Amino acid sequence: MADDGLKCVFKGQTFEAEIVRSRLEDSGIPAMIQNNSLSAVFSSYTYTAGDVTVMVNASDETAARALLADRSDTRPNVMRTFTKVQDLGDMDLALREAFEIKKERFKFSELGKNRTLLMVFFNSSLRTRLSTQKAAMNLGMNVIVLDVNQGAWKLETERGVVMDGDKSEHLLEAIPVMGCYCDVIGVRSFAHLTDKAEDYEERILNQFIKYSGKPVFSMEAATGHPLQSFADWITIEEHKTVKRPKVVMSWAPHPKSLPQAVPNSFAQWMTYVGYDVVITHPEGYELEPEFTKGARIEYDQMKAFEGADFVYAKNWSAASAEHYGQILSIDRSWTVGERQMSVTDNAYFMHCLPVRRNMIVTDDVIEGPRSLVIPEAANREISATVVLKRILEGLSD
Ligand code: CP
């Protein structure tokens, strides 16, 4: 870049500066990013929490300022809903933003001032409840938590039902009412595992999106758990030693019938970011192909584990139309233990928690030095902060 006197045309966060620089360069205006704290130009892949500037030649300053006058598309991926990996947009930016927030998690504590998050739980939670509330607090938001099954009117969810039973209120009134009291809504609503079509339509979550009038994000719905997968991805990026690690997701036995939300999302996210993904399970536990596209399916668990860098254990019930929601196996030879981990490449062990010890994983593996279950849970605060921040940025339009 010729130096005829540099001029600053943008000051902000690293990931925003990257977008600004790309816009300028795409328009033929050479630009570079300067780290003010170091007074030096740095790599575009450096994760830094401090403000940086975008510099152009003095002769380009007027053109650059004109180009940037419409700032709308310099704002990275503001969101209205968050239900799937594609909602994050540019994944490199999302990851950089996550690392920036992890370094300085209160940096945006003014963003949520006088904004209210409503968290609606149709099902139990420990991590999602605490981490999402903490994320909202990081951003300066007020938080309301509604446990639908504890203290609220029992809700009818079907249209056309004569409400002469124990359900006092219909979801179609309750949702817009909830929307009156908040700016953003998080919803947890698990699959019922009786009617596949209903679960895979994401009926409850989509009704919130349609009728609340507010931005809505999933805190685990019937078919996906994107906040968990985002945290899992951050955790793998923090620990991987090769660019494209081998990530093995293994079914493991469980005494109760569990939804496919976590394995669906994990498969979707890990293939989307380009890892070498292998899914292993007994026959009959195939997940919907829309989530596993790009992954290899291996029915021999030991073979699947060979050379793995990361092992992600999870139970799920059958997803096929024929056996939807059923437990087809409780074979404890699938419990992840030293036998399986010994054929990996010293793999890290992962699980979203809560986990049933000695059904899903042995005590020794989950307590071992390669277990990442606590860092994954810690990163739930980071994934939720990124998502809420982006939604809040969309509100200020
Ligand atoms: N992993 C997870 O979502 O945990 P909770 O069910 O406790 O929220």
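All ligand and atom numbering here is 1-based and tracks the order in the structure. Just so you know, these numbers come straight off a predicted model, no measurement behind them. All values below were derived from every heavy atom in this structure, side-chain atoms included, with hydrogens, water molecules and symmetry-related copies excluded.
- With hydrogens and angles ignored, the 3.5 Å screen pairs a side-chain donor or acceptor of K246 with a backbone N or O of A304.
- At under 3.5 Å, not a single nitrogen or oxygen of S124, backbone or side chain, sits near a nitrogen or oxygen of ligand 1.
- Counting the atoms of ligand 1 from 1 in the order shown, those under 4.0 Å from a heavy atom of R188 are 3 (O), 5 (P), 6 (O), 8 (O).
- Near R380, the atoms of ligand 1 lying under 4.0 angstrom from a non-hydrogen atom of the residue are 1 (N), 2 (C), 3 (O).
- Shortest contact from atom 1 (N) of ligand 1 to any protein heavy atom: L353 O, 2.8 Å.
- Comparing M219, H351, H225, R127 against atom 3 (O) of ligand 1, the shortest heavy-atom distance belongs to H225.
- Among the atoms of L126, some N or O lies under 3.5 angstrom from an N or O of ligand 1.
- For the residue pair N379/E238, the side-chain donor-acceptor check at 3.5 Å is satisfied.
- Between Y312 and H351, the two ring planes are parallel [angle under 30°; tilted spans 30° to 60°].
- Side chain of W251 to main chain of W316: a donor-acceptor pair is present (N/O by atom type, distance under 3.5 Å, no hydrogens or angles).
- Cation-pi geometry between R370 and Y348 is satisfied (NZ or CZ under 6.0 Å from the ring centre, within 45° of the ring normal).
- The shortest N or O to N or O distance between R129 and ligand 1 is not under 3.5 Å.
- At under 3.5 Å, not a single nitrogen or oxygen of E220, backbone or side chain, sits near a nitrogen or oxygen of ligand 1.
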Show the numbers, then the answer: is there a side chain to side chain donor-acceptor pair (under 3.5 Å) between N138 and K134?
CA-CA 6 Å; N138 292 347; K134 176 66 166 62; 2.8 Å; yes
